[in-house]
Amino acid sequence: MATTPAPPQAPPKPTWEPRSQQPVFPWLRPTIRIRLTLLYGGMFLIAGILLLSIIYLLAAQAISTGNQPLFKIVAFDKLQVSSDNCPAINMSGTTATVRLQDFNNAIAQCVDHQRQAALDNLLSRSLLALLGLAVIAFAFGYAMAGRVLSPLGRITRTARAVAGSDLSRRIELDGPDDELKELADTFDDMLERLQRAFTAQQRFVGNASHELRTPLAINRTLLEVHLSDPGAPVELQQLGKTLLATNERSEQLVEGLLLLARSDNQIVERKPVDLAEVASQAVDQVHAEAEAKGVTIRGVQKPAVVQGNGVLLERIALNLVQNAVRYNVPEDGWVEVNTEIQHGQAVLYVANTGPVVPAYEIDNLFEPFRRLRTERTGSDKGVGLGLSIVRSVARAHGGHIAAQPREGGGLVMRVTLPV
């Protein structure tokens, strides 16, 4: 009698506990609106003070430059006048030929020129100061915005991890009790409840499958013992064979349910697995059944190494190849199995001849216990869990499966897994 594994244990109690909400006064709560208002208001105030200070210093320097004397009297006895800014009024007492009106006009022009030069200098330096402050303000604003929005990035990364079927991840956001903290705590609480629900569902399926294995194994043993009796009547042997086939189908159903429950979890322990080797083993296992049905299996298996669970990946290839062989045409049917690397991802390609499949029926094929144009399974071709298991295993490995009808009948299955 086959030994049955121990039933799955209850999941450990999560270590994360949502923080209890403390009653606070609404106007004292450090909300994001208040923090952003204080932050950007303070930044604007600091930038204004810095710009005002720089303009004040530049204006003081310009005024100091503009107050420089335009000329100086070198000597009173000879009336010698010298000017660095106005060369036109340089004169001496012995050669003074400049009229008083011309002298005053030259002085006025020099004053206007000196004032304009001071203003131009003030404007150019103010623009340089404003440009420098703008660069500093943008850099500081970018850093502060990243700091303020960092909790959103943490929430996004956790949500992506959860989308990959890792319900054990939690945000556990620290910091002030603001809207982001409330959102993170609510999200953690939701993940906690989801994990408990999924774990309870998987534990139920696992326990039910385990409890069903033992009586099925006992029934199989008893039937095999009775069938081994050469003196048993022919009717009894025929009934025993029928019951043995029914029991085997029930065992397959239980194993499929257990595998489906296991494959819905994220794969924790990953090892390098070559899809080419997995596909070759699946083809070898189905080769005898394909020959009996007159189906030719062809294709090229190129190396495509992925990180995952070898047993579950082999189940993907085996289920796809088995379905392609069983749901085929009566004569001259074929199945094509290819593996390769495309666009940085490993691809398992399985196509077959077979009955025409309407496009609107594709999604139903991946539902448990569903077949083409039927609500429940009712044939000897399987238990109706093959494609459901394939989809669950592919998702657990971070990949996906796509199916499309083949022109002329049959299906094209394409499993894509990250390398």
Side-chain angles (χ1 to χ4, degrees), residues 5 8 164-167 198-199 201-210 212-213 216 248-270 273 275 277-279 281-286 289 306-327 335 337 339 346-352 357 361-372 374-404 411-418:
S165 302
D166 187 8
L167 292 176
F198 277 103
T199 304
Q201 179 184 10
Q202 293 167 1
R203 186 171 66 251
F204 170 77
V205 175
N207 290 334
S209 301
H210 170 75
L212 290 174
R213 277 175 170 178
L216 290 175
E248 182 179 359
R249 179 180 174 84
S250 300
E251 289 180 342
Q252 292 177 0
L253 175 61
V254 171
E255 292 295 333
L257 288 173
L258 182 58
L259 183 60
L260 183 61
R262 288 174 49 199
S263 60
D264 280 335
N265 289 326
Q266 185 75 10
I267 304 301
V268 179
E269 297 182 359
R270 297 175 179 264
V273 180
L275 286 185
E277 181 180 356
V278 168
Q281 292 179 357
V283 170
D284 292 340
Q285 296 182 41
V286 187
E289 183 178 357
V306 299
Q307 298 293 326
N309 185 290
V311 176
L312 295 179
L313 292 176
E314 183 178 352
R315 176 62 63 174
I316 286 182
L318 183 60
N319 285 0
L320 291 180
V321 177
Q322 280 182 343
N323 283 350
V325 170
R326 292 173 181 176
Y327 298 94
V335 174
V337 182
T339 59
V347 177
L348 172 61
Y349 174 92
V350 179
N352 70 308
V357 180
E361 291 282 356
I362 295 296
D363 293 337
N364 293 334
L365 297 178
F366 292 95
E367 296 298 327
F369 309 108
R370 297 288 293 275
R371 281 207 190 94
L372 183 63
T374 57
E375 289 297 325
R376 305 290 296 181
T377 61
S379 69
D380 57 351
K381 294 182 179 180
V383 295
L385 292 174
L387 293 182
S388 300
I389 293 174
V390 170
R391 183 176 61 179
S392 297
V393 173
R395 288 178 176 176
H397 284 80
H400 67 277
I401 178 173
Q404 61 182 12
L411 286 173
V412 176
M413 297 287 185
R414 183 184 179 90
V415 180
T416 305
L417 299 174

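- Here the closest non-hydrogen pair linking Leu313 and Val393 is N-CG1, 4.4 Å.
- Partners of Glu289 under the side-chain hydrogen bond (donor to acceptor under 3.5 Å, both in side chains) rule, at least two apart in sequence or in another chain, are Arg326.
- For Val278, the side-chain contact (heavy atoms from CB on, under 4.5 Å) partners two or more places apart in sequence, or in a different chain, are Val273, Glu314, Ala317.
- In terms of the side-chain contact (heavy atoms from CB on, under 4.5 Å) criterion, residue partners of Gln307 (sequence neighbours excluded) are, by chain and number, Arg270, Pro272.
- Here the shortest heavy-atom pairing between Leu318 and Gln285 reads CD2-OE1, 3.6 Å.
- Here the CD-CD1 distance, from Gln404 to Ile362, works out to 8.5 Å after rounding to the nearest 0.5 Å.
- The two residues Ala394 and Ile316 have their closest heavy-atom pair at N-CD1, 3.9 Å.
- The side-chain contact (heavy atoms from CB on, under 4.5 Å) test applied to Ala279 returns Gln301, Val337, Thr339, Leu348, not counting sequence neighbours.
- Asn319 is not listed as a side-chain neighbour of Leu387, based on a closest heavy-atom distance of 4.5 Å or more.
- In this structure, Met413 and Ala403 approach most closely via the heavy-atom pair SD-CB, 3.4 Å.
- Taking Arg414 as the reference, Gln342, Val347, Thr416 meet the side-chain contact (heavy atoms from CB on, under 4.5 Å) condition, with sequence neighbours excluded.
- At a threshold of 4.5 Å between non-hydrogen side-chain atoms, the residues Ile401 and Leu320 count as touching.
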